[in-house]
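Report on the following structure.
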Amino acid sequence: MEKDIKFPEGFFWGSATSSYQVEGGINDNDWAQAAKEGLVPDTGRACDHFNRYKEDFDIAKSLGQNAHRFSLEWARIEPEEGKFDESAIKHYRNVITELKSHNIEPFVTLWHFTLPHWFDKKGGFTNSNAPEIFSRYCAYAVKKLGKDVKFWITINEPIIYAKNGYVKGNWPPFRHNLVAAIGVINHLVESHNLVYQEMKRINREFQIGIAKNNMDFDSAKFSVLGRAIQSVGNFFWNHYLLRRISKHQDFIGLNFYFHKYFGYKFYEQKSDLGWPVYPPAIYHVLKELKKYRKPIYVTENGIADSADKKRGRYIKEYLEWVHRAMEDGIDVRGYFYWSLLDNFEWAHGFGPRFGLVEINYQTLGRRIRPSAYFYRDVCLENGITSGIIEKHKSVLADR
Ligand code: BGC
């Protein structure tokens with residue numbers, strides 16, 4: 001019998017989404033533009049979360065969640081340069097009010113990968129004025145919405161954005177240029193630091209961070225080359241940017257998905273996207289964040305699993321390793337499963353299914369997956385107990 005584990009009082013239990021991936025009806029950002037040109041799949045009406053957010057938050061509440069991470073769509077709020085749309089703000093204010101009425105704490109991401117078309121035409125984050133342009137938008141949104149929001153994430157996964165948009169070239173703006181990628185990272189760092197300072201001027205109580213995709217770089221102990229690649233990868237991918245923003249963050253948001261093993265490793269399980277499932281990896285990455293001496297929120301962690309055969313065990317085991325890191329002194333204060341809903345998975349389109357809730361894209365019907373009830377009981381119990389494991393054993397079994 002495994003021992004029961006308990007999380008601290010006040011731990012945030014939630015799930016995450018992002019605007020372009022769930023809202024639908026966004027026609028004027030770089031992704032929508034690229035979709036019109038047939039370069040990436042089209043998000044169309046997505047989950048129609050823009051109109052159905054109340055229903056979706058009712059579900060989140062029924063699943064025991066006390067926090068929710070979502071993003072604002074910059075292109076809705078500032079559809080033309082310097083011209084702000086009050087109706088978009090009104091919408092997000094309603095979204096926040098709805099969450100609050102359920103006692104769900106909002107964690108708001110200001111920017112999650114998509115650029116207004118006008119900003120994209122100006123070169124996006126390659127533009128040397130990008131930090132000022134971005135911070136003007138952020139200051140506007142934060143002043144309008146800040147009354148009811150304490151936790152803010154300025155930027156989602158800056159390194160992933162630079163890699164896919166500017167090196168791999170499978171996301172807008174489809175570049176293959178390492179120099180441009182480095183320029184983008186620099187501008188994102190400057191943008192974050194500037195926005196942080198402006199936001200603190202607006203309200204010192206705001207808690208502000210970045211959602212950073214860190215990976216567990218690993219290799220066989222005896223492989224000298226593997227160890228060398230591992231430490232270079234670890235420094236540039238995981239720590240370079242965090243160091244540069246270290247004076248301008250109140251917490252670290254960790255988006256965790258990947259164990260990067262240099263050499264051969266057999267994985268018992270993989271997701272529908274072929275991503276290895278290796279729960280101890282999150283423990284290693286959390287331990288490495290200790291040196292920043294900041295609270296940590298796991299702002300994303302999840303699996304594409306359309307049959308819902310692996311998700312329950314995935315959540316259980318990653319959480320057990322998060323808890324183990326906490327026992328070792330790591331200050332983790334919340335966990336957000338990615339994602340509340342199945343959604344638009346960028347270049348992969350609607351194929352991968354990450355949701356606690358299944359979306360039928362024809363009818364837009366919502367169906368709560370069995371693994372979500374396991375997670376619900378963990379959220380409500382603030383821990384993983386033998387009783388919960390017993391109750392959900394069919395969901396947790398290897399199937
Ligand atoms: C992103 C999400 C994405 C998820 C799964 C993260 O990189 O923030 O937008 O859907 O991972 O790939």
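We count ligands from 1, going down the list as the structure has it; atoms in each ligand are counted the same way.
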Protein contact to atom 1 (C) of ligand 1 [nearest heavy atom, distance to 0.1 Å]
E300 OE1, 3.3 Å
For the pair F7 and F11, name the ring-plane relationship: parallel under 30°, tilted 30 to 60°, perpendicular over 60°.
tilted
Of all protein heavy atoms, the one nearest atom 10 (O) of ligand 1 is E345 OE1, 2.6 Å
Does H68 reach the side chain of F107, with side-chain heavy atoms less than 4.5 Å apart?
no
Please report the shortest heavy-atom distance between L356 and Y375, naming the atom on each side.
CD1-CD2, 3.8 Å
Counting both backbone and side chain atoms, is some N or O of H112 under 3.5 Å from an N or O of ligand 1?
yes
Got a salt bridge between E23 and R45, using NZ or NE/NH1/NH2 to carboxylate O under 4.0 Å?
no
I need the contact type for F258 against ligand 1. Using non-hydrogen atoms and a strict under-4.0 Å cut-off, is it side chain, backbone, both or neither?
neither
Provide, to 0.1 Å, the distance between atom 4 (C) of ligand 1 and the closest protein heavy atom, together with that atom's residue and name.
Y257 OH, 3.4 Å
Taking atom types as modelled, is there a side-chain donor on Q21 or T43 under 3.5 Å from an acceptor on the other?
no
Can you find an N or O of W275 that's nearer than 3.5 Å to an N or O of ligand 1?
no
Is there a nitrogen or oxygen of N156 sitting under 3.5 Å from a nitrogen or oxygen of ligand 1?
yes
Should the ring pair Y297 and F151 be called parallel, tilted or perpendicular, given that the plane angle runs from 0 to 90° and is split at 30 and 60?
perpendicular
Taking the six-membered ring for Trp, are F113 and W111 parallel (under 30°), tilted (30 to 60°) or perpendicular (over 60°)?
perpendicular
For atom 7 (O) of ligand 1, the protein heavy atom that lies nearest, with its residue and separation
E157 OE1, 2.5 Å
I'd like to check which ligand 1 atoms, numbered from 1 as shown, lie under 4.0 Å from a non-hydrogen atom of Q21.
2 (C), 3 (C), 9 (O), 10 (O)
